[in-house]
Amino acid sequence: MIDAVNRLARRVPNGVLYVMGAMPFLWLVWMTATGGLGPDPVKYIERHAGLWGLQLLIATLAITPLRRIGLNLIKMRRALGVLSFFYILLHFSTWIVLDMGLDGSQILAALWKRPYILIGFAAFVAMVPLALTSNNLAIRRIGPKAWSRLHKLTYVIAIGGVVHYLLLVKVITVEPLIYAALVATLLALRAVGVSRRRTTTA
């Protein structure tokens, strides 16, 4: 079963992943044009874009642990990361442009008064260098080791995203707890993997 999935993953062009990843955005565009986003379309876009970005980010983090059990989806990691950044960018752009109206004083006041916004914004800012270096040219210029160290920020960003979501919701429900549990599990698996590598090389 795993071998079949690996063969299929190798055959799927990266372009297909980007097309599939664009589907939620195209659906949002369609729903906006047809008035199907409900009484508060701005909040609807903010919420769904943010959730899709977080889900894709968690999927990106899951690639390495899955590889350890034989499921090799490494080819998809870059596309998942870029798509995650796109939806997080949409999430914050919607907030800044449509919700805050590009009012700098209002934006700064919101960042000061609402810690969850500041945490989320910091996580978004940390994603920018990762998005800018998600290409082969950047890897060659900064070197594979430096690139790998930089992209370890993904774990910090994931923690920031989950904390942002947990503080955002007024009542904690199952959904944000699931995301928190997934990120915690992936961090634990990474810690175990690092510990094993150090033991092996010691």
Side-chain angles (χ1 to χ4, degrees), residues 1-24 49-89 91 119-120 122-124 126-136 138-139 142-166 172-202:
M1 179 63 178
I2 289 180
D3 289 340
V5 173
N6 288 340
R7 286 195 297 270
L8 179 62
R10 286 194 296 269
R11 293 174 183 172
V12 175
N14 285 333
V16 173
L17 296 176
Y18 287 107
V19 170
M20 292 175 62
M23 291 301 175
L51 285 176
W52 292 330
L54 181 58
Q55 290 162 4
L56 287 163
L57 182 61
I58 291 172
T60 304
L61 293 178
I63 296 294
T64 298
L66 289 174
R67 195 178 186 185
R68 291 178 191 147
I69 63 171
L71 191 58
N72 190 357
L73 305 177
I74 194 72
K75 178 183 175 182
M76 301 179 178
R77 184 164 61 184
R78 182 180 298 180
L80 291 173
V82 170
L83 287 166
S84 174
F85 175 75
F86 171 76
Y87 284 107
I88 298 298
L89 175 62
H91 172 71
I119 292 170
F124 165 69
M127 289 188 78
V128 174
L130 305 193
L132 293 176
T133 56
S134 290
N135 56 79
N136 293 333
I139 296 174
I142 67 177
K145 289 185 178 179
W147 184 90
S148 180
R149 286 195 297 269
L150 175 64
H151 280 252
K152 285 182 174 60
L153 271 175
T154 306
Y155 292 92
V156 178
I157 294 166
I159 293 172
V162 166
V163 173
H164 170 74
Y165 188 24
L166 287 170
I172 300 296
T173 58
V174 173
E175 186 176 12
L177 292 176
I178 290 173
Y179 293 132
L182 286 171
V183 170
T185 300
L186 291 170
L187 286 172
L189 289 172
R190 169 171 171 72
V192 169
V194 170
S195 177
R196 285 178 177 173
R197 285 197 298 272
R198 287 177 178 174
T199 302
T200 302
T201 56

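Just the heavy atoms: all of them, side chains too, but no hydrogens, waters or symmetry mates, feed the values below. Owing to the predicted nature of the structure, the values given are computational and were not obtained by experimental measurement.
Side chains of Arg190 and Pro65 form no contact here, defined as non-hydrogen atoms less than 4.5 Å apart. Side-chain contact between Ser134 and His151: present, with at least one pair of heavy atoms (C-beta onward) separated by less than 4.5 Å. Residues Leu187 and Tyr155 meet the side-chain proximity criterion, which asks for heavy atoms closer than 4.5 Å. In this structure the side chain of Leu189 never reaches within 4.5 angstrom of the side chain of Thr64, judged on heavy atoms. Side-chain contact check for Phe85 versus Val128: some heavy-atom pair is nearer than 4.5 Å. When side chains are defined from C-beta on, Ile139 counts as touching Asn136, because their heavy atoms get closer than 4.5 Å.
Side-chain atoms of Arg10 do not come within 3.5 Å of backbone N or O of Asn72 as any donor-acceptor pair. Not one N or O on the side chain of Ser148 forms a donor-acceptor pair closer than 3.5 Å with the backbone of Pro144. At least one donor-acceptor pair under 3.5 Å links the side chain of Tyr87 to the backbone N or O of Gly21. Looking at Asn6, its side chain does come within 3.5 Å of a backbone N or O of Gly70 through a donor-acceptor pair. Looking only at distances, a side-chain donor or acceptor of Trp147 sits under 3.5 Å from a matching main-chain atom of Thr133.
Closest of all the heavy-atom pairs between Leu83 and Leu17 is CD1-O, 3.7 Å. When all heavy atoms of Pro176 and Leu166 are compared, the pair lying nearest together is CB-CD2, 3.6 Å. Here the shortest heavy-atom pairing between Leu150 and Leu130 reads O-CD2, 3.4 Å. The shortest non-hydrogen separation linking Ile88 to Gly53 is CD1-CA, 3.7 Å. Here the closest non-hydrogen pair linking Ala123 and Gly161 is CB-N, 4.3 Å.
In this pair, Tyr179 and Tyr165 present their aromatic rings tilted. The plane angle is within the 30 to 60° band.
Of the inter-residue distances, the one linking Thr154 atom OG1 with Leu186 atom CG reads 11.5 Å to the nearest 0.5 angstrom. The distance from atom CG of Leu57 to atom OG of Ser84, rounded to the nearest 0.5 Å, is 4.5 Å. Separation of atoms OG1 (Thr60) and CG (Leu80) is listed at 4.5 Å; rounding is to 0.5 Å. Residue Trp52 holds its CH2 atom at 10.0 Å from CZ of Phe86, rounded to the nearest 0.5 Å. Taking CD1 of Ile63 as the start and CZ of Arg78 as the end, the distance is 13.0 Å to the nearest 0.5 Å. Note that the CG atom of Leu73 and the CZ atom of Arg67 stand 10.0 Å from one another [nearest 0.5 Å].
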- Task: Please assess Met127 against Leu153 for the test side chain to side chain contact (heavy atoms under 4.5 Å, CB included), listing each intermediate value before the final yes or no.
- Result: CA-CA 8 Å; Met127 289 188 78; Leu153 271 175; over 6 Å; no
